A.B. asks: 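Structure provided below as structure tokens; questions to follow.
So that the names make sense, note that chain A is the first sequence line, chain B the second, and so on, each numbered from 1. The structure presented is a predicted model; accordingly, all values stated were derived computationally and were not measured.
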There are 2 protein chains.
Amino acid sequence: MDSTWHNTIDKVIHEPARLSMLACLYVVESADFVFLQRQTGLTGGNISSHMSKLEDAGYVKVVKTFVGKRPNTSFQLTPKGRGSLETYCGTMKQVLGDLAD
Amino acid sequence: MDSTWHNTIDKVIHEPARLSMLACLYVVESADFVFLQRQTGLTGGNISSHMSKLEDAGYVKVVKTFVGKRPNTSFQLTPKGRGSLETYCGTMKQVLGDLAD
DNA sequence: CGATTCAGTTTGCATAGCAAAGTATATTGC
DNA sequence: GCAATATACTTTGCTATGCAAACTGAATCG
């Protein structure tokens, strides 16, 4: 493994709270605000601000609608987000693979 | 995998530059300042400040000596550091294991 | 000696994450 | 019908962080 791999890791993805949300989205394809909040145990504020970052990076698409009369925000991974997550994953697995559990 | 794993990850270790250095130390048992700098491609300033954190956390032991008339600083993982790194590793491998490469 | 190099450390700053407070609408209790 | 609570978020404020650049002190070179 290249010893300078650390320069290549994507900080947007590397943040645990975001990785947590991305891992959810990777599996379920679409999830809404409250679901993610319950699933990850993050506060609403954190979901909100982290999702803005993911949106700015082009990693998630945000869809705002109304369910009944209440607002509903749902998220899904973009192809770009999926690709970047897989790249990140590959790099980290290699790094960690060189170390025992 | 528990969906709130992100609360358990060790931020001291999670930082890529530090993980990079720790990965070196995990393998070689002892390395000096210049070796790590070359190996990781980090600047001297970064090695210095990151190592202070690792030292504060009790993860590395720092030994300052002189080689000839020049100062030489060498580092090695403490048992605590080794343990924490392994825990971190295990958690991350599980998280990443649930995602394809 | 004066300049440069080597081995680190310290400083300055821009960014980041997190909790708490705030906003806006909807619903419930009386 | 209206005050109080709840829901679904967003914004703010603060602290901490990583990084590059500047700095220190000693040693070697010309």
Side-chain angles (χ1 to χ4, degrees), chain A residues 3-25 30-57 59-76 88, chain B residues 3-25 30-57 59-76 88:
Chain A
S3 58
T4 65
W5 59 267
H6 60 268
N7 296 314
T8 74
I9 79 110
D10 186 333
K11 296 269 206 176
V12 173
I13 294 178
H14 193 58
E15 167 60 30
R18 272 176 325 243
L19 182 52
S20 199
M21 302 193 298
L22 289 171
C24 275
L25 294 177
S30 175
D32 69 15
F33 195 98
V34 174
F35 174 78
L36 276 180
Q37 201 179 335
R38 300 255 163 78
Q39 195 68 20
T40 61
L42 292 164
T43 64
N46 289 342
I47 298 278
S48 178
S49 57
H50 284 307
M51 273 302 178
S52 294
K53 282 234 156 144
L54 292 172
E55 199 185 359
D56 291 349
Y59 291 171
V60 301
K61 193 175 60 138
V62 180
V63 181
K64 285 174 187 298
T65 56
F66 278 85
V67 171
K69 300 185 171 177
R70 294 181 170 290
N72 181 271
T73 305
S74 75
F75 308 101
Q76 63 180 302
Y88 169 82
Chain B
S3 57
T4 63
W5 59 268
H6 59 267
N7 296 315
T8 74
I9 79 111
D10 187 332
K11 296 268 205 178
V12 174
I13 294 177
H14 193 58
E15 166 61 30
R18 268 170 334 236
L19 182 52
S20 198
M21 299 192 301
L22 289 171
C24 275
L25 294 178
S30 174
D32 69 16
F33 196 98
V34 174
F35 174 79
L36 277 180
Q37 201 178 337
R38 299 256 163 79
Q39 195 68 18
T40 61
L42 293 164
T43 63
N46 289 342
I47 299 277
S48 178
S49 56
H50 284 307
M51 273 302 177
S52 294
K53 281 232 155 147
L54 292 172
E55 199 185 359
D56 291 349
Y59 291 171
V60 301
K61 193 175 60 138
V62 181
V63 182
K64 286 174 185 297
T65 55
F66 280 85
V67 171
K69 300 186 172 176
R70 295 183 170 286
N72 181 270
T73 305
S74 75
F75 308 100
Q76 62 180 302
Y88 169 82

A.B. asks: Please work out which residues in residues 63-76 of chain A have a non-hydrogen atom less than 4.0 Å from an atom of DNA chain C and list them by number.
C.D. replies: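 Output list: K69(A), R70(A).
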
A.B. asks: Answer yes or no: is there a donor N or O on one side and an acceptor on the other, between the side chain of H14(A) and the main chain of Y88(A), under 3.5 Å?
C.D. replies: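 Between the backbone of Y88(A) and the side chain of H14(A) there is no qualifying donor-acceptor contact (under 3.5 Å).
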
A.B. asks: Can you see which heavy atom on L25(B) is nearest to which on A31(B), and at what distance?
C.D. replies: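 Residues L25(B) and A31(B), closest heavy atoms: CD2-CB, 3.8 Å.
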
A.B. asks: Shortest non-hydrogen contact from S3(B) to S20(A)?
C.D. replies: O-OG, 3.6 Å

A.B. asks: May I ask you to test the M21(B)-L42(B) pair for a side-chain heavy-atom distance under 4.5 Å?
C.D. replies: yes

A.B. asks: May I have the distance from D56(B) (atom CG) to dT9(C) (atom P), rounded to whole angstrom?
C.D. replies: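 The answer, rounded to whole Å, is 12 Å.
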
A.B. asks: Which protein N or O atoms sit under 3.5 Å from an N or O of nucleotides 17-21 of chain C?
C.D. replies:
residue: dG17(C); atom: OP1; partner: R18(A); partner atom: NH1; Å: 2.9
residue: dG17(C); atom: OP1; partner: R18(A); partner atom: NH2; Å: 2.6
residue: dG17(C); atom: OP2; partner: R18(A); partner atom: NH1; Å: 3.0
residue: dG17(C); atom: OP2; partner: K53(A); partner atom: NZ; Å: 3.2
residue: dC18(C); atom: OP2; partner: H50(A); partner atom: NE2; Å: 2.9
residue: dA19(C); atom: OP2; partner: N46(A); partner atom: ND2; Å: 3.2

A.B. asks: Taking all atoms of both residues into account, what is the closest heavy-atom pair of T73(B) and F75(B), and its distance?
C.D. replies: CG2-CZ, 3.7 Å

A.B. asks: Can you measure M21(B) atom CE to dG8(C) atom C1' for me and round it to whole angstrom units?
C.D. replies: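 Going from M21(B) (CE) to dG8(C) (C1'), I get 14 Å.
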
A.B. asks: Do M51(B) and L36(B) make a side-chain contact, defined as non-hydrogen atoms from C-beta onward lying under 4.5 Å apart?
C.D. replies: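 In short, these two side chains touch, coming nearer than 4.5 Å.
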
A.B. asks: For the residue pair P16(A) and I9(B), what are the closest heavy atoms and their distance?
C.D. replies: CG-CD1, 3.4 Å

A.B. asks: Keeping the roles fixed (side chain from S49(A), backbone from G45(A)), state whether a donor-acceptor pair exists under 3.5 Å.
C.D. replies: yes

A.B. asks: How close do H6(B) and T40(A) get, heavy atom to heavy atom, and via which atoms?
C.D. replies: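 Scanning both residues completely, I find the closest heavy atoms to be CE1-O, 2.7 Å.
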
A.B. asks: Write down the atom of R18(B), the atom of K11(B), and the distance for their closest heavy-atom approach.
C.D. replies: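 Nearest heavy atoms, R18(B) then K11(B): NH2-O, 3.3 Å.
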
A.B. asks: For a 4.0 angstrom threshold against heavy atoms of chain A, report the outermost contacting nucleotides of DNA chain D in 5' to 3' order.
C.D. replies: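 Contact span on the strand: dT7(D) to dC19(D).
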
A.B. asks: Let me know the distance between CD of Q37(B) and P of dA7(C), rounded to the nearest Å.
C.D. replies: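 Computing the Q37(B):CD to dA7(C):P distance gives 8 Å.
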
